[in-house]
2 protein chains.
Amino acid sequence: MQAALDAAGQGPRGANPLVGAAILAPDGTVLSVGYHRGAGTAHAEIDALAVLREKSGGSLPNLSACTMVVTLEPCSHHGRTGPCAAAIAEAGVGAIVYAAADPTAEAAGGARYLLDAGVAVRAGLLSGPALELNQRWFRAKAEDRPFTTLHIAQTLDGLIAAADGTSQWITGAAARQDSHGIRARVDAIVAGTGTVLADDPRLTARDADGRELERQPLRVVVGRREVPASAAVRGRDGKFLQLAGHDPAAVLGELAARGAGHVMIEGGATVAGAFLAADLVDELVLYLAPLMLGTGIRSTGDLGISTLADASRWRWDPVAPARTLGADLRLTLEPLPLARHNERP
Amino acid sequence: MQAALDAAGQGPRGANPLVGAAILAPDGTVLSVGYHRGAGTAHAEIDALAVLREKSGGSLPNLSACTMVVTLEPCSHHGRTGPCAAAIAEAGVGAIVYAAADPTAEAAGGARYLLDAGVAVRAGLLSGPALELNQRWFRAKAEDRPFTTLHIAQTLDGLIAAADGTSQWITGAAARQDSHGIRARVDAIVAGTGTVLADDPRLTARDADGRELERQPLRVVVGRREVPASAAVRGRDGKFLQLAGHDPAAVLGELAARGAGHVMIEGGATVAGAFLAADLVDELVLYLAPLMLGTGIRSTGDLGISTLADASRWRWDPVAPARTLGADLRLTLEPLPLARHNERP
């Protein structure tokens with residue numbers, strides 16, 4: 001299960017949970033591992049079977065004495081991919097061990113399906129770490145809303161623009177390319193009218209040469225001020241939406257109704273502050289450029305916090321806490337579960 | 001030489017340069033490595049000889065066919081430790097290869113001494129990386145002033161205190177203990193009157209249990225406002241000094257005259273900003289706590305920068321760029337050499 005957990009962490013956070021799977025020989029040897037690479041791609045169990053098929057020269061060996069371990073109960077629904085439970089039974093896997101039950105109504109039932117298909121099933125192994133790995137994803141699911149990623153690119157002293165408003169580019173090419181990779185994975189990207197009027201961003205996902213990628217998020221501008229007809233964010237592909245208010249729950253409800261499973265908050269400080277204050281940020285991706293400005297525009301607005309004891313508390317994402325990207329540092333954090341808020345003095 | 005450079009990076013930056021040394025057998029095998037652990041401790045060459053002596057059961061083997069490689073020209077002066085050149089000759093080392101010449105008048109002459117003592121000498125191997133490793137130290141020496149470390153403990157959004165002034169403790173115990181380790185190594189610690197009046201800090205170096213360590217820095221308060229007779233910073237050991245102005249060059253000149261080789265800037269934002277604006281920070285140690293406050297007191301004051309192109313540019317210390325300390329992250333940076341300021345767009 002540890003191998004499956006480690007594999008799970010290789011995938012990106014987003015609309016789907018991080019899931020890993022491993023196929024074990026009767027003596028416990030790991031024959032293959034697989035993981036989920038994000039919404040629309042093969043689930044971890046299918047990935048592990050595909051890896052083993054390739055290793056075995058194109059066809060699967062007899063798996064009746066083998067065990068598949070997976071960090072989350074195999075799904076039983078037809079989403080963008082077929083149900084994993086059926087594929088596992090069809091591959092002839094003898095036994096399955098999963099860590100955590102799938103809490104979502106539409107995907108649950110995989111264990112029942114497997115038992116009925118004659119597969120031995122065991123649940124609960126390392127379920128603590130498996131639940132912890134996706135704690136904010138489970139919470140977003142429970143709240144029936146999209147998973148949100150807040151993106152901030154700032155200086156060491158917490159500024160996103162200089163005093164005269166110049167902000168292009170605080171981070172270098174590698175960090176910017178990394179954030180375009182997030183844009184390409186999300187379903188919608190949210191920016192405030194202030195940012196749109198100040199910077200006229202396109203909010204599209206582009207490659208290193210500036211060409212638009214095939215998959216584009218819905219570009220969402222929140223706020224009452226009018227977005228000019230000439231604004232770059234409008235584009236020509238119809239993937240533009242303006243919402244009059246920026247109440248975070250209302251914005252997410254609107255985007256969920258449009259099918260969004262993963263939303264990226266691009267900024268600026270007012271919108272970022274509103275989502276932070278509402279505890280509706282599931283993942284914080286903070287690009288830290290090795291610069292100091294002293295004065296300028298801050299990355300976050302008022303969070304309604306006046307004393308240190310009430311600070312918004314985070315922890316480094318256990319999967320990908322810090323990584324250098326060119327001259328910059330990418331930090332990834334998630335909100336500290338509320339029960340742990342009081343652990344710090 | 002690479003082994004010596006790697007060893008050099010294990011020491012702390014401060015009053016002395018980072019130096020590493022390795023002793024090689026005639027066939028090139030590394031017999032021992034040593035490094036300098038900070039002002040007052042054995043130099044790298046002596047450390048490498050001591051390591052070899054211990055490995056060899058208490059006495060040195062015949063070194064006449066061996067080579068010592070060291071990242072900086074061995075010193076020839078009697079500082080707090082004896083001259084390395086004499087110790088190397090006395091140990092019977094056959095040949096010495098060093099990377100960079102010692103630029104300081106008082107320590108130079110080691111190569112000359114060794115040649116006169118019959119030791120084969122070669123200079124310049126990997127001198128680029130060796131000079132780069134200590135570029136800011138060489139600069140401080142050239143400017144005839146102490147090496148400075150700026151210490152900042154801040155939230156993710158660049159704040160050192162909440163709106164109501166609460167700042168104890170933004171970072172956790174491990175990060176605070178790490179910063180007491182720096183206090184214990186420096187000769188003087190500088191804080192502004194604003195910080196002293198707001199927080200009444202002791203500015204002493206203490207262990208994990210809060211007990212004062214044996215070696216204490218001079219506690220220096222800069223600014224014209226009166227420090228109350230009851231202020232904790234005054235202490236009872238006589239190691240207290242107030243300087244009326246906080247012009248950074250004047251402060252460093254005053255402390256250099258008192259024998260300080262390494263000065264730590266404790267803050268607050270006004271003092272930190274003054275040293276940053278004057279380009280008189282050689283090392284930035286930034287403790288980043290996984291907290292957000294939104295509003296509060298910023299870590300740096302006005303640096304006289306109004307547009308992004310003029311930003312103060314840094315790079316991650318190649319020796320120790322990022323390290324977790326409990327829940328916090330310690331980042332270490334040094335100013336980007338001026339010639340490279342234009343490398344970023």
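The sequence lines fix the lettering, A, B, ..., with proteins before strands; numbering per chain opens at 1.
Listed here is the closest heavy atom pair of Asp157(B) and Arg298(A): O-NH2, 3.1 Å. Between Leu308(B) and Asp164(A) the shortest heavy-atom distance is N-OD1, 4.4 Å. The shortest heavy-atom contact between Ala327(A) and Trp316(B) is O-NE1, 2.6 Å. A pairwise comparison of heavy atoms in Ala162(A) and Ser306(B) identifies CB-O, 3.5 Å as the closest pair. Closest heavy-atom contact between Thr295(B) and Ile305(A): OG1-O, 3.4 Å. What you find for Leu293(A) and Leu303(B) is that their closest heavy atoms are C-CD1, 3.9 Å.
The backbone N or O of Met292(B) lies less than 3.5 Å from no partner atom in the side chain of Trp314(A), so there is not a single donor-acceptor pair.
Listed options Thr300(A), Asp302(A), Thr307(A) were ranked by heavy-atom pairs under 4.5 angstrom with chain B; first place goes to Thr307(A). In terms of heavy-atom pairs under 4.5 Å with chain A, the best-connected choice from Leu329(B), Leu276(B), Leu284(B) is Leu329(B). Ranked by heavy-atom pairs under 4.5 Å with chain A, the list Leu159(B), Thr324(B), Asp310(B) is led by Leu159(B).
In this structure, the portion of Ser299(A) lying under 4.5 Å from any heavy atom of chain B is its side chain and not its backbone. For a residue to count as touching a neighbouring chain, one of its non-hydrogen atoms must lie under 4.5 Å from one of that chain's; by this rule Thr155(B) does not touch chain A.
To the nearest 0.5 Å, atoms CG (Leu156(A)) and CG (Leu331(B)) are separated by 7.5 Å.
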